[in-house]
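Computed from heavy atoms alone, side chains included, the values below leave out hydrogens, waters and symmetry copies.
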Amino acid sequence: TDIEDSSRICFVGSDNYQAGILAGKEIVRVTGGKGCVGLLRLSLVENQEKRLDGIKSVLNDYPDIRLINVNDEFTEKESASMKRVQNMLEKCPDMTVIIGTNAYETVAAGTVVEAMGCVGKIQIIGFDDNEETIDYMKKGVIDAVVVQQPEMMGYYGVKILNEMVEGQELEDSEIYTQLSVLRAED
């Protein structure tokens, strides 16, 4: 996550607004442009807010998509994320899609949807291709994830540091790594 007002020399990472746009397009794809969509995110976390802004920028063109926004303070406890999923399903029993804006929320959604026997009834879109997410994709629980490139973040970070040590000028203060969408059928 970028800290724009820090004394950083350069940021290398994901453009979280664009990541949200990719997720928003996946929401439209799986809903056909209408339905109740539950959004799980962590409040007060900058990259989550930017992803939400990107999602909303896409969904603004689809008035028949109702977004139920559930957020909570930052926690990495899976049980807290699972409780948020359950609360969301109580708010909108006709929900057809859940979007998790980070890996924890995505896996929690998968856990709850599978436990409730709602695989195939509720589509899940999320972030990151970690081992648990891939396992859920193979089982048909998670439909799609926005994939970041952490290896490239490290590569470019070290490359830039090396160039600076060699006296080269920094060409750009923000370098965004590639984002892609991985779907279960892939």
Of the non-hydrogen atoms in [X] and [Y], which two are nearest, and what is the gap between them?
{"X": "V181", "Y": "D186", "value": "O-OD2, 4.1 Å"}
{"X": "V141", "Y": "E114", "value": "CG2-OE2, 4.1 Å"}
{"X": "C92", "Y": "I68", "value": "CB-CG1, 4.0 Å"}
{"X": "A144", "Y": "R29", "value": "CB-NH2, 4.1 Å"}
{"X": "N102", "Y": "Y104", "value": "OD1-N, 3.0 Å"}

Any link between [X] and [Y] through a network of hydrophobic side chains (Ile, Leu, Val, Met, Phe, Trp, Tyr) touching at under 4.5 Å?
{"X": "L40", "Y": "M116", "answer": "yes"}
{"X": "I99", "Y": "V28", "answer": "yes"}
{"X": "M164", "Y": "F11", "answer": "no"}
{"X": "L161", "Y": "V12", "answer": "no"}
{"X": "Y156", "Y": "I9", "answer": "yes"}

Notebook entry, point to check: Given Q148, which of D15, N16, D128 fulfils the side chain to side chain donor-acceptor pair (under 3.5 Å) condition?
Noted result: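 It is D128, the one option of D15, N16, D128 that forms the side chain to side chain donor-acceptor pair (under 3.5 Å) with Q148.
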Indicate yes or no: at least one non-hydrogen side-chain atom of [X] is less than 4.5 angstrom from one of [Y].
{"X": "M152", "Y": "Q178", "answer": "no"}
{"X": "T177", "Y": "S14", "answer": "yes"}
{"X": "N47", "Y": "R51", "answer": "yes"}
{"X": "I55", "Y": "R41", "answer": "no"}
{"X": "T106", "Y": "N130", "answer": "no"}
{"X": "M95", "Y": "M88", "answer": "yes"}

Give a yes or no answer on whether the side chain of [X] reaches the backbone of [Y] with a donor-acceptor pair at less than 3.5 Å.
{"X": "Q48", "Y": "T101", "result": "yes"}
{"X": "T111", "Y": "V107", "result": "yes"}
{"X": "N60", "Y": "K56", "result": "yes"}
{"X": "R8", "Y": "S173", "result": "yes"}
{"X": "D172", "Y": "I175", "result": "no"}

Check: Hey, is CD on E131 packed in by over 12 heavy atoms from elsewhere, all under 6.0 Å?
Finding: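 No, not enclosed.
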Check: Heavy-atom count around E171 CD within 6.0 Å, excluding the residue itself: above 12?
Finding: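 Not more than 12 within 6.0 Å, no.
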Spacing of [X] atom [atom1] and [Y] atom [atom2] [to the nearest 0.5 Å]:
{"X": "L179", "Y": "F127", "atom1": "CG", "atom2": "CZ", "answer": "8.0 Å"}
{"X": "Y17", "Y": "L52", "atom1": "OH", "atom2": "CG", "answer": "10.5 Å"}
{"X": "C36", "Y": "I98", "atom1": "SG", "atom2": "CD1", "answer": "9.5 Å"}
{"X": "T96", "Y": "I27", "atom1": "OG1", "atom2": "CD1", "answer": "10.0 Å"}

Notebook entry, point to check: Applying the side-chain contact (heavy atoms from CB on, under 4.5 Å) test to I142, which of R183, Q123, M137 qualifies?
Noted result: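 Per the side-chain contact (heavy atoms from CB on, under 4.5 Å) rule, the option paired with I142 is M137, out of R183, Q123, M137.
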Next item on the list: Decide yes or no on side-chain contact (heavy atoms from CB on, under 4.5 Å) for L182 and I134, but give the supporting numbers first.
Entry: CA-CA 10 Å; L182 177 65; I134 296 298; 3.6 Å; yes
